[in-house]
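Side-chain atoms are counted along with the backbone in the values below, which use heavy atoms only and exclude waters and symmetry mates. Labels below follow one simple rule: chain letters A, B, ... track the order of the sequence lines, proteins then strands, and each chain is numbered from 1.
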Amino acid sequence: MKIELRNIHKFFGPVHANNNITLSIPSGSIQGLLGENGAGKSTLMKILSGYLRPDRGEILLDGKPLVLNSPADAIRAGIGMLHQDPLDFPPMKVLDNFMMGYPRGLGLPKREAREALLSLAEQFGFSLDPDAYVDTLTIGERQQLEILRLLWLGAKILIFDEPTTGISAQQKEKLFAALRRLASEGKTIIFVTHKLEEVEVLCDRVAVLRAGKLVGEAYPPYNLDDLVRMMFGKVISKGKRIEIPLGKPVLQVKDLAVEDYRLRIEGVNLEVREGEVIGLAGMEGSGQRHLLRACAGLIRPVGGEIWVDGENMTGKTYHSFLRKGVAYLPADRMKEGLVPGLTLSEHFALAQEQTGFVIDRAAVLKRTEEHIKRFNIRGRPDSTVESLSGGNQQRALLALLRPNLRLILMEHPTRGLDMESAIWVWNTLKERCRQRTAIFFMSSDLEEILHYSDRILVFFGGRVSEPLDARTTTVEQLGQLIGGRGFESQPEAAREVAK
Amino acid sequence: MSKQLERWGFVLLATLVALIFTSFVLVLAGASPVAAYWYILKGSLGSWTKISDVMVAWVPLLLATAGLLVTFAAGQWNIGVEGQIVLGAIFTTWVMRSLQHTNTPAAIVLILAFIAGAFGGAIWSAFAGILKVYGGVNEIFGGLGLDFVAVALILWLIFGPWKRPGIGSMSGTEPFPHRLWLPTIHGTRLSLWALAIGLVSIGVVYFLLTGTYFGLKLKAVGRNPKAAYLMGIPTTKYLMGAFIISGIFAGLAGAVQVTAVYHRLIPAISSGYGWLGLMVSMLINFQAAWAAPVTFFFAALNIGSIQLPIMLKLDSSLSGVLQGALVLSFLLLEGARRRWVKRREEAKNE
């Protein structure tokens, strides 16, 4: 089906999130939608999927005007959207999720649904167990489930909002293959992203949004420099590697073993020095998070030792690690990092070293204003954190870190940030390294790992590679290791003490 | 139009909705709403004695609400507040009974009795806290269970070990000697000491929640325990702390009921002030600044409605209907107001 968006406007308070957007998408194509954070991509797609209503403008489907009052309307019209975070029901089974939103009658057609699920999954080469619980699935598998569900509901237009965030390289390949297939069957695919390489390999055409406006459209072969210029208004690059001299050891991990019910990592040996950055690469769920959490005292190791600044911290609580200057930055900012409902200045009051019993409001306000300025946070001291955009929440989290930390442990420090913000985040982090803080982070962005780390550990199914020198490693080598190649030949490598 | 004015407009509207609903109930019961409201007003504020009676009811309600605001700040529904009032009363009675026939000065006995009351409320609340924090039992279920246990305990004491000479009865234990009654203003049942405890308590809670690190951390724990933990706040300690503090205030409410109002232990010693405190907390959207006036209003409704059976042959539980209707209409209209404000802002942008 052919979609036309005509003169779409959407306001959020004073923000003009979509400004007069006109776009037409032919059927059977993969339409890329490119833009940095806050460019208005998600807003536009939420309008198209019935989640938001445009303040002005109209949507035409095969030339006929379409009024969408809810996502259910959109589904009826054949428009389905996969949201950035899977909107499914983790405590329920795959089959139950699959039938969710089934529009007809009271009874559930269980057998019919099971057959449909299995046959659809087979067509796309997905392996989904109808009786598994969704909370045991990876993000990638949950996405696959959602695609099948929408297809079963009769979606002919599928919108993907940043679908490659948080999924593995292989799952990404599978996803792209599925998208190409859907397009060849005449379905219309809209692919929202801020990653240029994805546009390059996947999209038949691309529209670029900047600050709420449609700034241009492009067709393959793409000129990446042009796309970057359209996205940011200027060309930016990550810049040169920043080299920082290393100091004495901060963290020592000795023959560490960590496990949970599905994964065990063992034999990890590592020494991290002042000013050093260690990147953890691997598919999501390969054990990186376990190692990070163990080094923060959030999980108790089942074997081995963790030393911080020459003190054995094995088995101590996170709060003891915190007192030693170890801080942990979770990936999920609103779930684990910030407190919804509290303002920025209340966060700064909480984060600083407590002096006395009564809050000195004036001092806190002054500190908050300083940090807002220094960290370029778009918000006021009395803004609640949930009213900030994702990038500004991340800036706030970084601003909240205490001074003079010894070690910062981070999950996906720049996930969901546009390039400019990501570069800014790393500049602040490198500034900390210069003040002899060590950084230990995991990321699914290989470029980020290669560019900012000194050394890299690769995780594969609970196994940990020997530390690699980031200067001499290439993306290809790293990609192969993440895919498990190279692990067979050096099973004992991880046991060697890395210096 | 100023936002302040608009807010007050909504308060007025919500009150009107509650009044209309209650009037409807009154008409169904065959009574004149105007007469009923008039008698409630006259029965609560009609004379100095009546006002002092309202204050007598105000103090325990204020104390229960003060405690509840602390647990609400920590995101906990302390339904066990009724049981905590009961345990406060039991502990107070226990100290009073143990010391009433000794030579201990009355002031010392009363001080000890209040401390014991606070302690009793605190441990009962701590049980709910332990169940929640260490046992994973939702505080609503734990608190409700403990409420039942508390009621069983007080009945057993009144009809068992502490029964009056001869036979136990619903009228409670043997009254304490007159010298152990908390002194009241001459000619009224109001004790200035009790009033002071109530007002100081709400003041302390207000200060705790709005001006201190303790209160701020409590709010952080209540709204996002995971993030609070990562920020270095010992979440279990703060949760337990909230329960214990809340229990202290509930226990004090029980102590006031025993020492200043009934001068003995009666089965209905909590008089439902715990439930009423929960309603008030919701009505004031958990803002301590509003606790004093709203609890006073609720106490006035309670006292004023005592006139209804006498004058109109209506049940005095009508005050409960009005209070419940108020809370619900406020919550309803507040939700409506938010939608309205949002829609208007969207419309303005078009």
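If you measure heavy-atom distances from B/Y229 to chain A, the contacts under 4.5 Å come from both the backbone and the side chain. Only the backbone of A/L338 comes within less than 4.5 Å of a heavy atom of chain B; no side-chain atom from C-beta onward does. A/A349 touches chain B through backbone and side chain together, each having a heavy atom under 4.5 Å away. Contact annotation for B/L208: only side-chain heavy atoms (C-beta onward) come within less than 4.5 Å of a heavy atom of chain A.
Remark: B/N224 CG to A/M334 CE distance equals 7.5 Å, nearest 0.5 Å. Going from atom CG of B/L230 over to atom CG of A/L400 covers 12.0 Å, rounded to the nearest 0.5 Å.
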Working note: A/V358 + B/F207, criterion side-chain contact (heavy atoms from CB on, under 4.5 Å); need CA distance, chi angles, decisive distance, verdict. CA-CA 9 Å; A/V358 180; B/F207 174 69; 3.5 Å; yes
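Ranked by heavy-atom pairs under 4.5 Å with chain B, the list A/H319, A/R333, A/E346, A/H9 is led by A/H319. Interface check for chain A: of the options B/I233, B/T212, B/V221, the most heavy-atom pairs under 4.5 Å are formed by B/T212.
The shortest heavy-atom contact between A/K335 and B/K226 is O-CB, 3.8 Å. Looking at every heavy atom in both residues, B/M231 comes nearest to A/R402 through O-NH2, 3.7 Å.
For B/F214 and A/F357, the distance between ring centers is not under 6.0 angstrom.
Taking non-hydrogen atoms and a 4.5 Å limit, the residue list of residues 323-331 of chain A in contact with chain B, ordered by number, reads A/Y328, A/P330.
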